Protein chains: 2
Amino acid sequence: MTKARKAILEALKASVQPVTAMMLAKEPSLSYDQATVYRNLHYLEELGMAQSFILHCTEHGTERYYSYRGADCGIHHHWFHCEKCHRFIDLGSCGYDEQMHAWEKKWDFTITDHTFFLTGICSACKA
Amino acid sequence: MTKARKAILEALKASVQPVTAMMLAKEPSLSYDQATVYRNLHYLEELGMAQSFILHCTEHGTERYYSYRGADCGIHHHWFHCEKCHRFIDLGSCGYDEQMHAWEKKWDFTITDHTFFLTGICSACKA
DNA sequence: GGAAAATTTGCGAATGACTTGCAAATTTTT
DNA sequence: AAAAATTTGCAAGTCATTCGCAAATTTTCC
């Protein structure tokens with residue numbers, strides 16, 4: 001595992017919030033080329049050490065957000081995104097296996113991935 | 001309501017599958033400029049007559065898909081997307097109001113939107 | 001009904017996230 | 001530690017989507 005790879009994985013692991021490739025590329029403590037960041041995020045996701053979703057927010061446009069996914073942090077997570085302060089709230093581990101299994105049976109398809117997230121205004125921003 | 005607007009809304013209404021702006025722009029029977037298509041899809045969504053979600057598929061890249069949303073077609077729908085044949089399967093009306101209300105209570109945020117869809121291989125493509 | 005005001009359209013150029021080709025640098029193999 | 005394989009940085013490219021602006025259409029008002 002290369003230096004860049006390790007650094008990017010560590011950054012993901014350390015971040016409480018999902019982050020974009022751009023955020024990581026601009027992080028002074030990392031300072032890897034954006035192409036390298038993009039490539040390594042792909043790599044880490046393929047390995048199952050990261051998970052991502054694409055989110056559009058009026059202020060920041062459409063971007064893919066990554067978060068760490070390790071044995072220690074449980075499985076697939078879902079998030080709420082505040083459109084005012086742009087913070088994410090972790091809704092916890094995904095609890096939809098059962099429902100998805102039911103759908104697979106009903107429609108006879110095979111689910112390889114699912115996307116779920118919420119957007120709105122968080123408690124702090126409402127006040 | 002302008003001619004373009006009407007035509008685009010009709011196209012959405014007529015389509016069984018969610019469609020992208022590009023698909024509509026390239027439809028010979030419509031032949032409106034892409035900027036017009038994009039602008040009117042935004043308009044229709046703001047009015048609540050269309051709904052959309054962003055989906056990334058390896059073959060077609062990242063695009064926003066729109067579908068009709070009228071009194072006659074029920075409320076918010078969710079979809080399964082087959083990564084082989086690129087067809088969508090309508091999973092029916094969204095049944096998550098309760099769960100989302102529970103989340104709003106638990107976290108004290110206000111949900112303005114939610115995104116949910118599945119990707120995988122459909123029945124026909126497995127065979 | 002028709003002229004003025006307001007909105008929308010088409011065109012071309014711009015934006016911004018993400019990707020790619022390629023030579024140099026690093027990592028892995030042996 | 002040299003050869004082989006992979007990864008990196010850079011610069012240029014791609015592609016969905018947006019924007020500015022003048023011309024065309026739609027709406028408003030008399």
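Computed from heavy atoms alone, side chains included, the values below leave out hydrogens, waters and symmetry copies. Within every chain, numbering begins at 1; the chains are lettered A, B, ... in the order of the sequence lines, protein sequences first and strands thereafter. What you see is a predicted model, and the numbers here were worked out from it, not measured in a lab.
Across the protein-nucleic acid pair, B:H56 atom NE2 and C:dT19 atom C1' stand 11 Å apart, rounded to whole Å. When the C1' atom of C:dT19 is taken as reference, atom CG of A:N40 falls 14 Å away, rounded to whole Å. C:dT27 atom P lies 9 Å from atom OH of A:Y32, rounded to whole Å. Taking atom CG of residue B:D33 and atom P of nucleotide D:dA24, one finds them 15 Å apart after rounding to whole Å. Put simply, CZ on A:R64 is 18 Å from P on D:dC15, counting in whole angstrom units. Rounding to whole angstrom units, CG of residue B:L24 and C1' of D:dA16 are separated by 14 Å. Distance, B:I8 CD1 to C:dT9 P: 7 Å, rounded to whole Å. Regarding B:Y43, its OH atom lies at a distance of 11 Å from the C1' atom of C:dT8, rounded to whole Å.
Candidate nucleotides C:dG10, C:dT27, D:dC10 were compared by shortest atom distance to the side chain of A:T2, and C:dT27 ranks first. Relative to the side chain of B:R39, the nucleotides D:dC10, C:dG10, D:dT17 differ in distance, and C:dG10 lies closest. The side chain of A:Y38 approaches C:dA17 more closely than any other nucleotide in the set D:dG9, C:dA17, D:dT17. Of the listed nucleotides (C:dT9, C:dT19, D:dG9), C:dT19 has the atom at the smallest distance from the side chain of A:H42.
Shown here is B:H101, whose NE2 atom has no more than 12 heavy atoms of other residues, nucleotides or ligands within 6.0 Å.
Contact detail for B:L30 and B:L24: the closest heavy-atom pair is CD1-O, 3.4 Å.
Residue-to-nucleotide proximity on DNA chain D shows that, of B:K3 and A:A4, the 5′-proximal contact is made by A:A4. Comparing B:R5 and B:A35 by the nucleotide of DNA chain C whose heavy atom lies nearest to each, the residue mapping closer to the 5' end is B:R5. If you find the closest nucleotide of DNA chain D to B:T20 and to B:M1, the one lying nearer the 5' end belongs to B:T20.
Within 4.0 Å (heavy atoms only), B:T62 reaches sugar-phosphate atoms of the nucleic acid but no base atom. Base contact: B:M22 has a heavy atom under 4.0 Å from a base atom.
Taking the six-membered ring for Trp and thresholds of 30 and 60 degrees, B:H81 and B:F88 have ring planes inclined between 30 and 60 degrees apart.
Applying the 4.0 Å criterion to OP1 and OP2 of D:dG9, one finds that A:T36 has a side-chain N or O inside that range.
Under the 3.5 Å distance criterion, the side-chain polar atoms of B:E104 are matched with a main-chain donor or acceptor of B:I111. One N or O on the side chain of B:K126 and one on the backbone of A:D108 form a donor-acceptor pair closer than 3.5 Å.
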